[in-house]
Chemist: 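My questions all concern the structure below.
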Amino acid sequence: MSPLQPVRGARDILPENILTHRHVEETLCRVATCYGYSEIVTPVFEFTEVFARTLGDTSDVVTKEMYTFLDKGGDSLTLRPENTAGVARAFISGGMAQKLPLKLFYRGPMFRYERPQKGRQRQFHQVGVELLGVQGPAADVEVIALGAQYLEWLGVLDKATLELNTLGDAESRAAYRAKLVGYYQDHREKLSEDSLGRLERNPLRILDSKDEGDKAINAGAPLINESLNDASRRFFDQVQAGLDTVGVSYTLNSHMVRGLDYYCHTAFEFVTGALGAQGALLAGGRYDGLIKQLGGPSTPGTGWAAGVERLAMLDATAPAAPRPIAMVPAGNSSDVSRRVLTLTQALRGAGFRVDLGYSGNMGKRMKRANKINACAVVMIGEDELERRAATVRDMDSGEQTEVPLDSLQSHLARYR
RNA sequence: GUGGCUGUAGCUCAGUUGGUUAGAGCAUCGGCUUGUGGUGCCGAGGGUCGGGGGUUCAAAUCCCCUCAGCCACCCCA
């Protein structure tokens with residue numbers, strides 16, 4: 001372990017990459033705002049109990065992926081592996097049950113102790129939305145439409161497909177689970193070792209196994225569709241009808257399930273083939289049981305989370321870095337440098353992006369102006385000072401204009 | 001957590017069967033150019049060869065351990 005490298009799976013986001021990262025986050029802010037969602041920020045750590053109770057004792061996240069530690073007061077804390085539990089906790093502690101329906105979005109770092117690979121880090125960033133307090137399928141439709149809109153604004157929607165499934169309500173899910181367990185028990189000698197474990201812990205998970213033998217068995221497995229009660233079936237139909245109405249296309253995938261226990265009804269995932277094995281870009285579903293399970297009032301919820309780094313890897317629309325105006329004093333008269341400094345201060349105060357070098361002759365400063373991709377250079381020497389003017393050079397055309405200092409700001413307005 | 005592949009300059013990579021002071025391109029910095037950027041020419045700086053140990057007269061090169069990245073599994077954003 002060298003202290004001179006970041007902790008495994010953690011990364012610096014360097015200045016040349018931050019614009020894309022920020023663009024991915026800010027686009028979510030814009031889209032979510034259009035849908036009437038407000039931002040919420042919860043702590044990056046919670047009492048371990050918050051995650052242990054909501055994620056389920058058998059989930060991988062809880063059993064092996066959490067960053068858990070004792071603080072100096074002896075409390076067990078955990079760096080959040082996802083944000084839904086934290087939002088649910090905030091909902092309860094903040095007494096927000098009076099404000100339903102509640103439409104929230106968030107962004108920030110998450111932590112999972114996993115083996116890193118492409119598109120998977122131990123500290124990574126997610127954006128997400130949560131819609132609390134809406135019973136009906138309109139909520140699921142809105143949230144999925146928001147996700148599709150978001151990917152479209154990022155310019156990555158055409159690289160993703162929306163997969164949709166239902167897990168049914170508690171009754172349907174229990175019935176299905178029983179059927180599945182029966183089926184797999186009959187084939188248990190052919191199941192992979194991993195799937196034998198799943199059979200104990202989370203039999204639904206066998207459905208999306210990548211093992212070839214498992215896949216063959218899954219081909220004959222009972223479908224959730226056959227276990228849905230009327231209410232669950234109607235709910236799923238309405239979600240699909242709603243998506244048709246808003247023009248979001250999807251494919252049904254009866255083998256897509258959820259790793260976290262609190263999901264019910266709708267499960268969905270925008271997946272891409274462009275990121276190797278890490279295909280999930282944006283995924284979520286309905287979690288009606290979560291808040292009650294945490295000790296709050298029974299409150300339905302639906303939402304999703306998306307991986308910022310994964311989206312950034314696909315995003316082609318990130319804006320170019322803004323171009324500054326460079327101030328270039330000529331000669332080394334102290335009158336000139338004082339005047340350039342006050343002008344720089346005034347321009348910056350007026351909202352211009354202005355670069356003022358720290359040293360060097362004119363040639364050096366011009367080179368620097370070029371290197372930082374300045375759109376214009378404001379040159380001032382003793383000559384200009386006498387005439388109370390500045391020479392403005394457009395760095396693309398090379399054209400130079402002498403501008404009276406009084407009208408410098410209005411002349412530079414085109415570069416703002 | 002399991003399995004496989006890979007680590008040489010800031011970046012992309014050369015480096016012969018182990019053999020002198022480890023090279024190139026790009027980038028950086030300086031000069032040609034002390035009131036004018038990009039192109040050009042000249043020059044310079046920059047390397048614990050991922051780290052540690054071992055074999056050997058001699059290791060970037062062979063062996064072991066370790067760290068990190070990548071790929072797949074597990075799982076997931």
Side-chain angles (χ1 to χ4, degrees), chain A residues 1-11 14 16 24 28 55 58-65 81-84 107-128 147 160 192-195 197-198 201-202 205 208-211 214 256-260 269-272 275-284 304-314 326 328-333 336 357 360-384 391-400:
Chain A
M1 167 197 335
S2 164
L4 292 184
Q5 56 189 203
V7 171
R8 183 173 207 193
R11 287 191 182 175
L14 299 173
E16 59 262 37
V24 169
L28 183 271
L55 299 179
T58 59
S59 74
D60 270 46
V61 171
V62 169
T63 53
K64 59 181 201 192
E65 293 175 4
E82 51 89 38
N83 207 187
T84 300
R107 49 176 160 166
M110 308 293 160
F111 306 84
R112 290 183 198 171
Y113 192 88
E114 295 184 281
R115 185 109 165 216
Q117 64 189 77
K118 191 186 195 69
R120 168 187 292 175
Q121 300 161 215
R122 289 183 173 180
Q123 176 177 342
F124 60 105
H125 296 78
Q126 285 188 335
V127 296
S192 67
E193 199 176 320
D194 280 333
S195 286
R198 295 183 181 113
R201 295 165 163 240
N202 192 350
R205 270 282 164 210
D208 62 1
S209 170
K210 290 176 188 170
D211 182 90
D214 290 346
M256 182 185 64
V257 295
R258 286 276 86 106
L260 306 181
E269 215 164 282
F270 287 86
V271 298
T272 179
L275 293 179
Q278 274 60 247
L281 282 179
L282 185 157
W304 51 255
V308 172
E309 285 83 0
R310 291 184 185 179
L311 289 171
M313 282 190 275
L314 297 182
V328 173
N332 44 17
S333 131
V336 167
N361 59 28
M362 194 164 185
K364 291 249 172 60
R365 290 172 185 265
M366 288 301 290
K367 279 188 182 172
R368 174 173 164 82
N370 191 60
K371 197 170 62 181
I372 63 177
N373 196 27
C375 50
V377 165
V378 176
M379 288 174 279
I380 295 176
E382 293 185 7
D383 295 355
E384 282 89 350
T391 301
V392 177
R393 180 183 179 88
D394 183 287
M395 291 296 276
D396 292 331
S397 67
E399 222 168 282
Q400 292 193 181

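Just so we're clear, the structure is a prediction, and the values are computed from it rather than from any experiment. First the proteins, then the strands, lettered A, B, ... as listed; each starts at 1.
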Chemist: Is the backbone of Thr84(A) close enough, under 3.5 Å, to the side chain of Glu82(A) for a donor and an acceptor to pair up by distance?
Modeler: yes
Chemist: Write down the distance separating the P atoms in C49(B) and G23(B), rounded off to the nearest Å.
Modeler: 14 Å
Chemist: For nucleotides U8(B) and A24(B), find the distance between their C1' atoms and express it as a whole number of Å.
Modeler: 13 Å
Chemist: Which heavy-atom pair separates Gly357(A) from Arg368(A) by the least distance, and what is that distance?
Modeler: CA-NE, 4.4 Å
Chemist: Quick check: do Pro329(A) and Ile380(A) have side-chain heavy atoms less than 4.5 Å from each other?
Modeler: no
Chemist: Distance check needed: A77(B) C1' versus Arg107(A) CZ, whole Å only.
Modeler: 17 Å
Chemist: What nucleic acid atoms does Gly147(A) come within less than 4.0 Å of, heavy atoms only: base, sugar-phosphate, or nothing?
Modeler: nothing
Chemist: Regarding Arg122(A) and the six-membered ring of Phe111(A), is the cationic atom NZ or CZ under 6.0 Å from the ring centre and inside 45° of its axis?
Modeler: no
Chemist: Would you mind building the protein contact string for nucleotides 30-36 of chain B? One character per nucleotide, 5' to 3', B for base within reach (heavy atoms under 4.0 Å), S for sugar-phosphate only, - for untouched.
Modeler: SS---BB
Chemist: For Asp396(A) and for Gln121(A), find the nucleotide of RNA chain B with the closest heavy atom, then tell me which residue's nucleotide is more 5'.
Modeler: Asp396(A)
Chemist: Starting from C1' on C76(B), measure out to CH2 on Trp304(A) and report it in whole angstrom.
Modeler: 16 Å
Chemist: Using whole Å, what does the distance between atom P of nucleotide C29(B) and atom CZ of Arg365(A) come to?
Modeler: 15 Å
Chemist: Counting only distance, no hydrogens or angles, is the base of C70(B) paired donor-acceptor with the side chain of Arg120(A) under 3.5 Å?
Modeler: no
Chemist: From the set C67(B), C74(B), C76(B), return the single nucleotide nearest to any side-chain atom of Arg112(A).
Modeler: C76(B)
Chemist: Only counting residues at least two apart or in another chain, list the ones meeting side chain to side chain donor-acceptor pair (under 3.5 Å) with Arg393(A).
Modeler: Gln400(A)
Chemist: Expressed as a whole number of angstroms, how long is the span from Asp194(A):CG to G1(B):P?
Modeler: 17 Å
Chemist: Take atom CD of Glu269(A) and atom P of C75(B), then tell me their distance rounded to the nearest Å.
Modeler: 13 Å
Chemist: Would one find a side-chain N or O of Lys118(A) under 4.0 angstrom from OP1 or OP2 of C76(B)?
Modeler: no
Chemist: Distances under 3.5 Å only, N/O to N/O: pair up the protein atoms with those of nucleotides 46-51 of chain B.
Modeler:
none

Chemist: Just checking Ala369(A): base, sugar-phosphate only, or nothing, at a heavy-atom cut-off of under 4.0 Å?
Modeler: nothing
Chemist: Taking atom C1' of C76(B) as reference, at what distance in whole Å does atom CG of Asn83(A) sit?
Modeler: 16 Å
Chemist: Do Phe124(A) and Arg112(A) come close enough that some side-chain heavy atom pair is under 4.5 Å?
Modeler: yes
Chemist: Quantified in whole Å, what is the P atom distance between nucleotide G47(B) and nucleotide C57(B)?
Modeler: 32 Å
Chemist: Compare side-chain N and O positions of Arg8(A) against OP1 and OP2 of G69(B) and report whether any pair is under 4.0 Å apart.
Modeler: yes
Chemist: Rounded to the Å, how far apart are Phe111(A) CZ and A77(B) P?
Modeler: 16 Å
Chemist: Of all the base pairs, Watson-Crick or G-U under 3.5 Å, which form stems of three or more consecutive pairs involving RNA chain B?
Modeler: B:1-7 with B:67-73, B:10-13 with B:23-26, B:28-32 with B:40-44, B:50-54 with B:62-66
Chemist: Starting at CZ of Arg122(A) and ending at C1' of G1(B), how long is that distance when rounded to a whole Å?
Modeler: 10 Å
Chemist: Please encode protein proximity along nucleotides 4-9 of chain B as a string of B, S and -, counting only heavy-atom distances under 4.0 Å.
Modeler: B-----
Chemist: Please work out if Lys210(A) contacts a base, only the sugar-phosphate, or nothing of the nucleic acid, heavy-atom cut-off 4.0 Å.
Modeler: base
Chemist: Could you check whether any side-chain heavy atom of Glu382(A) comes within less than 4.5 Å of a side-chain heavy atom of Ser333(A), counting everything from C-beta outward?
Modeler: yes
Chemist: Over all strands shown, is Gly128(A) touching base, sugar-phosphate only, or nothing at heavy-atom distances under 4.0 angstrom?
Modeler: nothing
Chemist: Please enumerate all residues that pass side chain to side chain contact (heavy atoms under 4.5 Å, CB included) together with Asp208(A), with sequence neighbours excluded.
Modeler: Arg205(A), Val257(A)
Chemist: Toward the 5' end of RNA chain B, which comes first, Lys371(A) or Glu399(A), by nearest nucleotide?
Modeler: Lys371(A)
Chemist: Between C75(B), C74(B), A77(B), which nucleotide gets closest to the side-chain atoms of Glu65(A)?
Modeler: C75(B)
